[in-house]
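First up is the structure itself, then whatever we jot down about it.
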Amino acid sequence: MSVESVFPRLEPLLPRVSKPVQYVGGELNSTVKDWDATAVRWALMYPDAYEVGLPNQGVMILYEVLNELSDVLAERTYAVWPDLEALMREHGVPQFTVDAHRPLGAFDLVGVSFSTELGYTNLLTALDLAGIPLHARDRTGEHPVVVAGGHAAFNPEPIADFVDAAVLGDGEEAVLEITGIVRAWKQEGCPGGRDELLTRLAETGGVYVPKFYDVTFDDSGALNPITPNRERVPATVAKRTTMDLDAWPYPKQPLVPLAESVHERMSVEIFRGCTRGCRFCQAGMITRPVRERSIQGIGDMVHKGLEKSGFEEVGLLSLSSADHSEIAEITKGLADRYEGTNTGLSLPSTRVDAFNIDLANELSRNGRRSGLTFAPEGGSERIRRVINKTVSEADLIRTVSAAYAGGWRQVKLYFMCGLPTETDDDVLQIAAMAQEVIRAGRKASGRKDIRCTISIGGFVPKPHTPFQWAAQCDPDTVDSRLRKLREAVNSDRSLGRNIGMRYHDGKPSLVEGLLSRGDRRVGRVIERVWREGGRFDGWSEHFSYERWTSAAAAELEPLGVGIGWFTTRERAGDEVLPWDHLDSGLDKGWLWDDWQDALSEQELDDCRWTPCFDCGVCPAMGTDIEIGPTGRKLLPVTPV
Ligand code: B12
Ligand code: SF4
């Protein structure tokens with residue numbers, strides 16, 4: 001049965017809201033299919049505003065992979081701003097997709113991509129606007145199956161009440177497998193209803209269905225092991241890993257945003273995974289092992305993507321792009337290909353070494369040398385040993401001197417505050433480092449107008465990392481260290497005026513900490529915050545710390561725990577963690593040993609270039625590190 005577009009009802013509301021163009025769809029490379037000609041229909045949601053969600057690589061990839069199947073349809077939906085939400089409620093307009101403006105409730109599946117936990121309340125808004133019951137247990141055969149994915153889905157317990165299923169890891173093959181199961185079940189006439197469909201998904205071993213697992217607590221409030229409550233459901237759920245990235249060259253035709261967005265360029269993911277072993281980095285830990293795209297594969301994606309999208313800038317993305325085994329050849333090959341054209345190339349440069357400057361110089365042949373970004377992450381050498389970010393101050397000064405000497409005017413340095421074992425002194429050394437950067441930069445460039453911006457984020461311990469046992473630093477301590485840092489930066493005006501400082505106070509990080517390491521009890525807090533108006537929690541102008549802390553007190557304290565229990569409390573080695581039954585491939589014993597190494601300031605090398613350290617991922621997943629060098633070169637093509 002066909003489903004009608006809600007656009008005729010939406011359109012009269014649009015002149016009354018901010019940035020209405022974000023709701024109209026029709027972007028270059030978007031897809032609209034005939035509803036009746038398809039067997040399985042997905043709505044893919046990025047639970048944040050269009051401007052953040054549209055360029056998201058994960059959603060773009062899944063959208064295209066699914067739409068390539070002739071009997072499958074995938075459309076996109078993003079969080080609507082509160083102004084439109086109010087009008088939609090007033091006029092009874094449901095949550096819609098931007099592609100064909102179909103109501104979310106009509107789809108078979110709603111796939112939600114959670115890169116950050118701060119998007120949880122926006123999922124509840126979308127479900128509610130769609131008329132889909134908030135709680136998975138209240139849904140019937142009439143309602144879509146709500147599936148969470150993305151990095152935050154590695155601990156879906158806080159949203160377990162609201163999602164029917166969660167997938168850990170890469171989605172390319174997972175969405176096809178889920179589609180196959182839904183297609184077969186529908187063709188058979190939906191035997192056993194929704195429960196049977198969810199059981200079929202769960203028994204693959206790669207789809208977590210929270211309601212099939214019992215969660216109980218002991219008298220102290222600590223979690224008991226989480227176990228399945230029915231047959232056919234495995235005790236642990238494994239993450240998915242797409243091994244051969246060249247076989248998945250997506251997005252092939254990148255979406256071009258209609259409205260202003262955070263990232264107006266084409267992105268080509270040059271490898272996935274990272275084994276540098278930074279202990280704070282959840283993305284690095286959960287995406288192991290490293291899988292490189294070949295130089296030819298990258299060249300083809302850049303060429304075809306530019307042709308399809310008309311973008312004039314390409315970002316070569318990954319968690320640490322300078323670490324591709326053939327990055328020098330890739331950057332040179334692409335710079336040669338596009339020399340003299342309007343096509344700009346860029347690399348998110350975070351590795352602190354002179355090699356990175358060579359790459360940036362090569363890529364900027366066509367453009368301006370404005371700013372470079374590096375991520376020392378910790379102010380002192382001691383704290384950098386704790387977090388396994390092995391970079392010395394001398395390396396950093398050499399690197400930035402080379403950058404300023406090469407004509408770059410602005411260097412951005414990323415740091416964190418609130419790291420395990422951190423003292424005031426570790427943070428104050430960020431000021432000393434920034435001042436030294438300015439001195440060295442003035443000397444190297446012979447100019448006075450160079451700039452250095454230090455950007456400081458609050459550290460949040462994440463699941464599946466060696467810091468998953470750590471006590472999160474309380475916001476007052478973070479704020480006091482940041483205040484002292486600001487004073488130290490300004491203590492020498494002649495240097496301080498060339499140093500910019502960007503930071504947030506420590507409060508949002510504490511809430512992110514609650515959501516990151518929370519268990520099923522935290523779902524009540526999310527729901528209460530949402531009922532009390534919580535929306536867009538990743539945006540400082542919408543975030544309310546008081547709303548979160550009062551909701552946490554009301555919902556958790558009667559259960560004998562509180563926000564501190566989930567955040568500022570250090571965990572013991574034998575404590576059951578809410579994600580112990582969700583297998584990222586990392587061996588818990590290895591993570592614990594790495595945590596102990598952190599406490600004794602021991603560093604660990606990158607296993608890409610050394611023998612294996614037995615983190616567990618390769619044997620557990622039946623995978624291996626997939627890197628070059630292939631020794632191949634990029635041949636010239638006619639530039640597009
Ligand atoms: C590495 C990274 C970067 C790198 C490279 C990005 C890249 N490769 O795309 C760089 C430095 C360039 C970068 C830039 C930016 N980033 Co960034 N980035 C990340 C990070 C850490 C990982 C993203 C990643 O690996 N993407 C690769 C894609 C392929 O993976 P994926 O999205 O996870 O999707 C796969 C799977 O997870 C799965 N999957 C995903 N969703 C679903 C759903 C279902 C149903 C299923 C089954 C599977 C599934 O399938 C996908 C394909 O395998 C995330 C945080 C995180 N932990 O996810 C932040 C993050 C996405 N970035 C963020 C931001 C803000 C930015 C910038 C805007 C920063 C800036 N001011 O310039 C830009 C914008 C870039 C862009 N393209 O949108 C924010 C977004 C905030 C928000 N409100 O949502 C995040 C969440 C970080 C944060 N906590 O603030 N980023
Ligand atoms: S199993 Fe060994 S080679 Fe594979 S990611 Fe872990 S440490 Fe590296």
Side-chain angles (χ1 to χ4, degrees), residues 42 44-49 51-62 65 79 109-119 122 146-154 163 165-175 177-178 206-207 239-242 245 248 250-251 254 261-275 277 281-290 315-321 346-350 373 375 414 457 460 462 512 536-539 585-587 590 604-608 610-621 623-625:
W42 282 80
L44 295 173
M45 174 169 199
Y46 194 84
D48 207 324
E51 62 199 80
V52 182
L54 182 122
N56 179 265
Q57 289 287 288
V59 170
M60 228 189 265
I61 292 171
L62 303 183
V65 165
L109 295 131
V110 174
V112 196
S113 186
F114 283 114
S115 311
T116 159
E117 299 79 6
L118 295 171
N122 283 353
V146 180
V147 189
H151 292 186
F154 275 76
V163 299
V167 172
L168 281 66
D170 296 335
E172 287 87 344
E173 291 156 287
V175 290
E177 193 177 332
I178 294 172
V207 179
K239 84 160 178 188
R240 323 288 291 236
T241 305
T242 298
L245 283 202
W248 298 92
Y250 294 89
S261 84
V262 290
H263 196 75
E264 293 184 351
R265 65 177 83 125
M266 190 178 104
S267 301
V268 172
E269 192 188 17
I270 63 173
F271 67 84
R272 202 170 281 176
C274 178
T275 42
C281 180
Q282 187 194 39
M285 289 290 163
I286 62 177
T287 57
R288 289 174 172 222
V290 174
L316 302 175
L317 304 188
S318 71
L319 292 174
S320 173
S321 292
S346 68
L347 204 65
S349 47
T350 52
T373 306
Y414 281 165
V460 180
K462 294 276 167 146
E512 193 183 330
F536 289 90
D537 288 297
W539 297 69
L586 293 155
D587 183 65
W590 181 84
L604 190 70
D605 279 339
D606 185 335
C607 66
R608 238 174 309 196
T610 65
C612 168
F613 294 116
D614 293 326
C615 79
V617 170
C618 294
M621 301 289 143
T623 54
D624 213 344
I625 299 259

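In each ligand, atom 1 is the first atom listed, and ligand 1 is the first ligand listed.
- Taking 4.5 Å as the limit, every side-chain heavy atom of W248 sits out of range of all side-chain heavy atoms of I61.
- At a distance under 4.0 Å, a protein heavy atom can be found next to atom 75 (C) of ligand 1.
- At a heavy-atom distance under 4.0 Å, only side-chain atoms of D48, from C-beta outward, approach ligand 1.
- For atom 88 (C) of ligand 1, the nearest protein heavy atom lies 4.0 Å away or farther.
- Remark: atom 6 (C) of ligand 1 lies closer than 4.0 Å to at least one protein heavy atom.
- Atoms of ligand 1 found under 4.0 Å from any heavy atom of V147, numbered from 1 in the order shown, are 45 (C).
- Of all atoms in ligand 1, listed by their number and element, those nearer than 4.0 Å to a heavy atom of R272 are 29 (C), 53 (O).
- Ranking the protein heavy atoms by distance from atom 4 (Fe) of ligand 2 puts C618 SG, 2.3 Å first.
- Under 4.0 Å is where a charged nitrogen must lie from a carboxylate oxygen, and between E172 and R240 no such pair does.
- The single protein non-hydrogen atom nearest to atom 2 (Fe) of ligand 2 is C612 SG, 2.4 Å, given as residue, atom name and distance.
- Of the candidates E269, E51, E177, the one placing a heavy atom closest to atom 27 (C) of ligand 1 is E269.
- Each of the following atoms of ligand 1 lies closer than 4.0 Å to a heavy atom of G169: 36 (C), 37 (O), 38 (C).
- Using a distance-only test at 3.5 Å, with no hydrogens or angles considered, a donor-acceptor pair links the side chain of N122 to the main chain of F536.
- Between atom 21 (C) of ligand 1 and the options S115, G171, P254, A283, the minimum heavy-atom separation is to A283.
- Counting only N and O atoms by type, the side chains of T275 and D606 include a donor and acceptor under 3.5 Å apart.
- Checking atom 78 (O) of ligand 1 against the protein gives a heavy-atom contact under 4.0 Å.
- Nearest protein neighbour of atom 57 (N) of ligand 1, counting heavy atoms only, is H151 ND1, 2.7 Å.
- Remark: side-chain polar atoms of D48 are not paired, donor with acceptor, to backbone N or O of G53 under 3.5 angstrom.
- For atom 17 (Co) of ligand 1, the protein comes within 4.0 Å by no heavy atom at all.
- The closest non-hydrogen atom to atom 40 (C) of ligand 1, taken over G58, G111, S113, comes from S113.
- When the options I286, V163, V146, L317 are ranked by their closest heavy atom to atom 12 (C) of ligand 1, first place goes to L317.
- Protein heavy atoms all stay at least 4.0 Å away from atom 66 (C) of ligand 1.
- Considering only heavy atoms from C-beta on, V163 stays 4.5 Å or farther from V147 through its side chain.
- Heavy atoms of C607 found under 4.0 angstrom from ligand 2 belong exclusively to the side chain.
- For C615, the nearest N, O or S atom to atom 6 (Fe) of ligand 2 falls under 2.8 Å.
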(request) Tell me, with the steps shown, if D605 and T610 meet side chain to side chain donor-acceptor pair (under 3.5 Å). (result) CA-CA 7 Å; D605 279 339; T610 65; 5.6 Å; no
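- Around atom 29 (C) of ligand 1, the closest heavy atom drawn from V52, V65, I61 belongs to I61.
- Less than 4.0 angstrom separates some heavy atom of F613 from each of these atoms of ligand 2: 2 (Fe), 7 (S).
- Within the 4.5 Å cutoff, the side chain of L316 has no heavy atoms near those of the S346 side chain.
- Using a 4.5 Å cut-off on side-chain heavy atoms (C-beta onward), M45 and S113 make no contact.
- Heavy atoms of Y46 found under 4.0 angstrom from ligand 1 belong exclusively to the side chain.
- In this structure, atom 3 (C) of ligand 1 is not in close contact with the protein, since no protein heavy atom lies within 4.0 Å of it.
- The protein does not reach atom 54 (C) of ligand 1 closely, with no heavy atom under 4.0 angstrom from it.
- The E172 neighbourhood of ligand 1 comprises atoms 52 (C), 53 (O), with distances under 4.0 Å to a heavy atom of that residue.
- Residue L319 holds the heavy atom nearest to atom 1 (C) of ligand 1 of all those in L168, V262, L62, L319.
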